[in-house]
2 protein chains.
Amino acid sequence: PLRGKHDERSLVFADLTREEYSQVQQYMLKQKDLDISTNQITKPSENFLFLIDLSLPKKADTLAYLDDGKGKPTREATAVVFYGKSGYVKEYVVGPLPNPKYHRDVTKERYNTDIPINSRPVTIGEYAVLFEFLEAEFFSKLQKLMKESFDVDDTKHLNAFEQMPRGVRSGDRSTWISFMRDMSGMYIHPVGLEVLVNHESVNSSQWTIQRVLYNGQYFDSVQALKEKYDRGSVKKILYTKSRDYGSLKPKTKPLQVGPQLFHPEGKRYSISDNHVLYMDWSFAFGLSSLTGMRVFDVRFKDERILYELSVQEAMSVYGSVTPGMGLTKFFDTSIGIGRFAHQLVRGVDCPYEAAYITTYRYIDAPNPIKFEDSICIFEHNLGQPLRRHFSDFFHNSYGGMVNSALVMRTITAIGNYDYMWDFIFYQSGSVEAKVHATGYISSSYMMEGSLNYGHQVAEKVLGNLHTHFINFKVDLDVAGVKNVFQTKDMKFVNTSVPWQPGHHAMIPQLVEEQLNTEQEAALRYNTKTPRYLHVASPKVNRWGHPRSYRLQVFTFAGDHLPESEPEERSMSWARYKVAITKQKDLEQTSSSLYNQNNIWSPTVDFSKYIDDNESIVDQDLVAWVTAGFLHIPHAEDIPNTVTVGNGGGVLLRPHNYFDEDPSIHSADGVYINPS
Amino acid sequence: PLRGKHDERSLVFADLTREEYSQVQQYMLKQKDLDISTNQITKPSENFLFLIDLSLPKKADTLAYLDDGKGKPTREATAVVFYGKSGYVKEYVVGPLPNPKYHRDVTKERYNTDIPINSRPVTIGEYAVLFEFLEAEFFSKLQKLMKESFDVDDTKHLNAFEQMPRGVRSGDRSTWISFMRDMSGMYIHPVGLEVLVNHESVNSSQWTIQRVLYNGQYFDSVQALKEKYDRGSVKKILYTKSRDYGSLKPKTKPLQVGPQLFHPEGKRYSISDNHVLYMDWSFAFGLSSLTGMRVFDVRFKDERILYELSVQEAMSVYGSVTPGMGLTKFFDTSIGIGRFAHQLVRGVDCPYEAAYITTYRYIDAPNPIKFEDSICIFEHNLGQPLRRHFSDFFHNSYGGMVNSALVMRTITAIGNYDYMWDFIFYQSGSVEAKVHATGYISSSYMMEGSLNYGHQVAEKVLGNLHTHFINFKVDLDVAGVKNVFQTKDMKFVNTSVPWQPGHHAMIPQLVEEQLNTEQEAALRYNTKTPRYLHVASPKVNRWGHPRSYRLQVFTFAGDHLPESEPEERSMSWARYKVAITKQKDLEQTSSSLYNQNNIWSPTVDFSKYIDDNESIVDQDLVAWVTAGFLHIPHAEDIPNTVTVGNGGGVLLRPHNYFDEDPSIHSADGVYINPS
Ligand SMILES: [Ca+2]
Ligand SMILES: [Ca+2]
Ligand SMILES: [Ca+2]
Ligand SMILES: [Ca+2]
Ligand SMILES: [Cu+2]
Ligand SMILES: [Cu+2]
């Protein structure tokens, strides 16, 4: 029952194709003066083409194209180059595709600052050098200890799990690396060995090992550890084999397949390029290497509701007595959320019958990489009514409708954690953005004081307490781009009861407010927030009420890092459950590729978007929503955290947007009248 | 893959059978001195056998039977008699079944008070008299007005929608009745006519009409309205036909059936009598006419986790400028939640393939009534992984498992609202209790000041603002009955960083606390609550941590009625998000059949359970959990509220209860290793 038609104009939001990535790559390589390499193991001291991704056209141009028949915006790419030779990072806009003719340095325009080279993430090229360095300067110098404590020799090794940020002040690039057993689920097999490597210089010859932690004891150098170990003045770890508790191999044979979804009359949605039709819905989708899944131009019955709904950042702050995890603050966008959207497993990650979509990315790679089945789209029967009523007074009848909704999903496995991202489109006109966490927790080797930071979850293993904060960008356009931000709530008012003279009662009343500036509308997590939050239009529905969408945030967030901390500005979006800004093309994201590694001087500090405290009355508004949960790991996180209860998100609900529930027009409605 | 065996001992929790209801009824009728009628339209002035329901055996006796091989507890029923002739209500325990030999008045034992007759709900017998009264004293005296304003004549009538509580002080039984068009979804068709009927006396000859509200104008008598109306000094309502916006008839023809669930290899659960087996789970279930759905003796891998999980109450407080809804506070248990668990519609209310269970009830009826298909049980594929991890560093592998869970559901349609109640049993050892609201909102006719209390949702119709508060009883027995109540949370602590001399940082730490008394553990809604709440055992898991279940409450509750209000004690459970009491057989429920109609002197005031502030250390604990949401009705509530976003509940999660995630032993696990 497709109500709409596919629209090629959705391609304006489409990710770059394999060919387009290559076109940009070839164009950049032709700029001999830039002296760029695309070799995967380019050294930090050289210039490396790290990333090519779609450069989104300006919103005004895109709306003119979509709504007013204006010309198609120029298709452009963003190219990110790490200039190891010069000590900085540059971002270029390259265009027009498919035949690039220009590149423009947009670094200053986008970030108002230069980007020092140490703001970059660690590339595969740098890891290669790092692992060589560790072999030469660390493992090979501690062979006796390594064998006795960890059974490491020429054939067996430990795996590295690195912590971020890399230091304590701007310019630092000193990384604590924890070593893990080379077993499946290494993240929950710490061995009690951690090392602080200074790799600040792009020349690895200047790298040093600054500190070592072994079995709870600190050493200023590898040499100091070796000498004391050999002398016997060190509390030793004696190797013992470990249970394979991190394994995900089933311990029971499959017996009987569980319930499955099927489509007795075929699929009820359609996908053409990056355009999706489902019942009254249509939207375009994409997958940014950095920020992950996103949809654009989301319409219901042909009317645009969202210009953009996108994942922005997934951040965690850890606690630990150990240096690995002690200061850890992970920003997944700086590693690349979409980058790790791998192939989905049919029947587990998504239903067998889902549509699976192949994507291409160009990030930290010599060529565009194909990711088969990295997005799934399916209609799900939620196993419950969307609405129903049974009447046994006066009129005996039944009306109802099952809740079938369209789900778009990616799952991104960034190191230990797997985040499942869902956008759900309901027949009642609601859209939901949800995230669930699964995969492995991070852990540390037990030492004195460990239990202040979590629970023991395996032999000598502490599951470290941490927060999960997730940021979504919600660019609602409610009946046009000019909107206001409204709140609604209740209050009890002492009221004289007209039909009961002399009697007073506390009666709940509606409280409505309009928040007029960005700072008023920045709703902090630790304050009481009105229960209903609305992006509303000055236009009214049939009953005279402003047409609006309500933002209902599902969250169990822990505490946000105090603002006194120098790392806080890099994650200042997490101060707010919901913050509203005036839309700007240059405020495209709440975080950046560089926020992790220059956490102390962030290229994007979200709080600056609202520092100018602009009016948000009758403006194009963007809501930035933060959901999350506090995670105190427990034995049941072994081997993997389960999705049940470990999630959050935001539901966007029509509230006087329509004149009645649009699902009453669904063909799925059922009506029974016994008379 | 059934792991356990059915256990007949679950019958100790089973609802009375049709035969048992009849045995109790016949026994009671034989007690000639009680002078009881079972006629459905027994007058208020007579004695009426209102309710027969299971009387739960004492917990200690039941545990002795289940765990220690002691004898089966005597099977007994509760019988509730409304003594119109004497002016009180009595509750009896009748036993032993199947051949009752005794009845014992337990009113005082259960409630510490007598129950005055006006505490009773309005029976079908009383409604019959009430409608006759309205016809004679109201409609027949206003024929001209009725025709002109509402098109009411000999063939056409209005429907009544009554408000509660019935008055403003103890002993009152004066009910505001709002009149609605005789159309489907009458709840959203108010006509602007309301009448206050005093039916305090059991003799209807003494009933009076105390006030009338017509088109926003109050009148002290029917006569006064009639005279002023005839004189033309009243602002009149002129009848116009109304759109059929309350109809649930589909407006679109079915086109293509949506996705369905099927079991390619058969069902993976088993139901025998009231005993259910599913994977590692087993439990007994029942359906109380008053409180609704409940499960007992819930075990995972043969170990009891819950003695009881049950619905207790669904309460709403409304706001309105009109008398109908102005003071309205609905308590559904006083009407009977389980009473309205009607037949479920296959494919909408539950999947086609679900198991449907027939129940019997005896409430306000001359005989036990059969309710076909009033409970459904099914395994649902939630369309997402319960857990998964994809590894691309060091080890390339994938392990995961789809989230298939068992759902037990009833849907209770109490007047306008339909509540969908779900208990969900996950393979990770979690149990969830959830409720969603759907059906019709309550509404009022627009008059001056209406918009302070909600939004207009149809012509002249206000959707009135209200709260939904739902109470669950959660009698966890964590590794035995002796438990403690623990909280966990995080705090940032300024910490000197050992590996970075002179450097301090705010690092999150774990904060654990044990709450030792009932009052400490009564966690009010308007205060900051620790993020993790645990019922814990003194026994520890393999890693030395107390075995516990965590209570994670999903709620969007509005404000609770201020305690200054005389009606508040009747709903004092709603003060608390979670309250913990020492288990007592005489503290079986948080509300009662009588709380609605004697709201000012409640037979059960939950706050009294914690007034004695008993120790909750190493005691048998019961958690009382309140979830809910604030409902500000909007156009999309017409015709029906949708379930999406309109719900709440509690997730019970193992937290160091096991030594690892039990789902790792599920036969549903999938593992892929490309090497
Ligand atoms: Ca601004
Ligand atoms: Ca907008
Ligand atoms: Ca007590
Ligand atoms: Ca207990
Ligand atoms: Cu976590
Ligand atoms: Cu409601």
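Per chain, numbering begins at 1; letters A, B, ... match sequence-line order.
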[atom1] of [X] to [atom2] of [Y]: how many Å apart, nearest 0.5 Å?
X: B:Arg550; Y: A:His634; atom1: CZ; atom2: NE2; answer: 7.5 Å
X: A:Ser428; Y: B:Asn640; atom1: OG; atom2: CG; answer: 12.0 Å
X: B:Leu248; Y: A:Met401; atom1: CG; atom2: CE; answer: 12.0 Å
X: A:Ile638; Y: B:Trp543; atom1: CD1; atom2: CH2; answer: 8.5 Å

Closest non-hydrogen atom pair, [X] against [Y]:
X: A:Arg531; Y: B:Ala557; value: NE-O, 2.8 Å
X: B:Leu261; Y: A:Leu261; value: CD1-CD1, 4.1 Å
X: B:Arg542; Y: A:Glu459; value: NH2-OE2, 3.3 Å
X: A:Gly645; Y: B:Gln552; value: O-NE2, 3.2 Å
X: A:Gly326; Y: B:Trp499; value: CA-CH2, 4.3 Å
X: B:Tyr218; Y: A:Pro498; value: OH-CG, 3.8 Å

* Test salt bridge (charged side-chain N to carboxylate O under 4.0 Å, His left out) applied to A:Asp349 and B:Arg388, step by step -> CA-CA 8 Å; A:Asp349 290 336; B:Arg388 65 93 78 185; 2.8 Å; yes
Heavy-atom proximity to chain B below 4.5 Å, by part of [X]:
X: A:Ser320; answer: backbone
X: A:Phe492; answer: side chain
X: A:Val407; answer: neither
X: A:Ala354; answer: neither
X: A:Asn656; answer: both
X: A:Arg653; answer: side chain
X: A:Met506; answer: both
X: A:Val461; answer: neither
X: A:His342; answer: side chain
X: A:His655; answer: both

* Asked: For the residue pair A:His380 and B:His380, does the interplanar ring angle fall in the parallel (under 30°), tilted (30 to 60°) or perpendicular (over 60°) class?
  -> tilted
Select one option (side chain, backbone, both, neither) describing which atoms of [X] are under 4.5 Å from chain A's heavy atoms.
X: B:Ser247; value: backbone
X: B:Glu565; value: side chain
X: B:Thr641; value: backbone
X: B:His503; value: side chain
X: B:Leu213; value: neither
X: B:Gln456; value: both
X: B:Lys253; value: backbone

Which one, [options], leads in non-hydrogen pairs under 4.5 Å with chain A?
options: B:Gly383, B:Ser404, B:Gly669, B:Gly399; value: B:Gly383
options: B:Val493, B:Asn403, B:Asp489; value: B:Asp489
options: B:Val670, B:Ile664, B:Asp659; value: B:Ile664
options: B:Asn541, B:Ile672, B:Leu561; value: B:Leu561
options: B:Glu660, B:Lys251, B:Gln260; value: B:Gln260
options: B:Pro351, B:Gly439, B:Pro323, B:Gly258; value: B:Pro323

Side chains of [X] and [Y]: does their closest heavy-atom pair fall under 4.5 Å?
X: A:Asp637; Y: B:Asp661; value: no
X: A:Ile411; Y: B:Pro385; value: yes
X: B:Val345; Y: A:Tyr398; value: yes
X: A:Thr467; Y: B:Met490; value: yes
X: B:Val644; Y: A:Leu651; value: yes
X: A:Arg387; Y: B:Thr643; value: no
X: A:Ile507; Y: B:Tyr453; value: yes
X: A:Pro508; Y: B:Val317; value: yes

* **Side-chain donor-acceptor pair present, A:His389, B:Asp418, cut-off under 3.5 Å** => yes
* **Side-chain H-bond candidate by donor/acceptor type, B:Tyr657 with A:Glu636, under 3.5 Å** => no
* Under 6.0 Å between ring centres, would you say that holds for B:Phe556 and A:Phe554? -> yes
* To do: Please step through side-chain contact (heavy atoms from CB on, under 4.5 Å) for the pair A:Leu451 and B:His545, ending with a clear verdict.
  => CA-CA 11 Å; A:Leu451 289 172; B:His545 295 295; 3.9 Å; yes
* Asked: Side chain of B:Gln256, backbone of A:Glu265: donor and acceptor closer than 3.5 Å?
  -> yes
* Asked: So, does A:Tyr532 use its side chain to make a donor-acceptor pair with the main chain of B:Leu630 at under 3.5 Å?
  -> yes
* Given side-chain contact (heavy atoms from CB on, under 4.5 Å), test B:Leu510 with A:Leu465 step by step and report yes or no. => CA-CA 7 Å; B:Leu510 177 63; A:Leu465 171 154; 3.9 Å; yes
* **Pair B:His455-A:Lys488, side-chain hydrogen bond (donor to acceptor under 3.5 Å, both in side chains): steps then yes or no** => CA-CA 11 Å; B:His455 292 306; A:Lys488 301 182 189 185; 2.9 Å; yes
* Asked: Can you name the residues that form a salt bridge (charged side-chain N to carboxylate O under 4.0 Å, His left out) with B:Glu194, not counting sequence neighbours?
  -> none
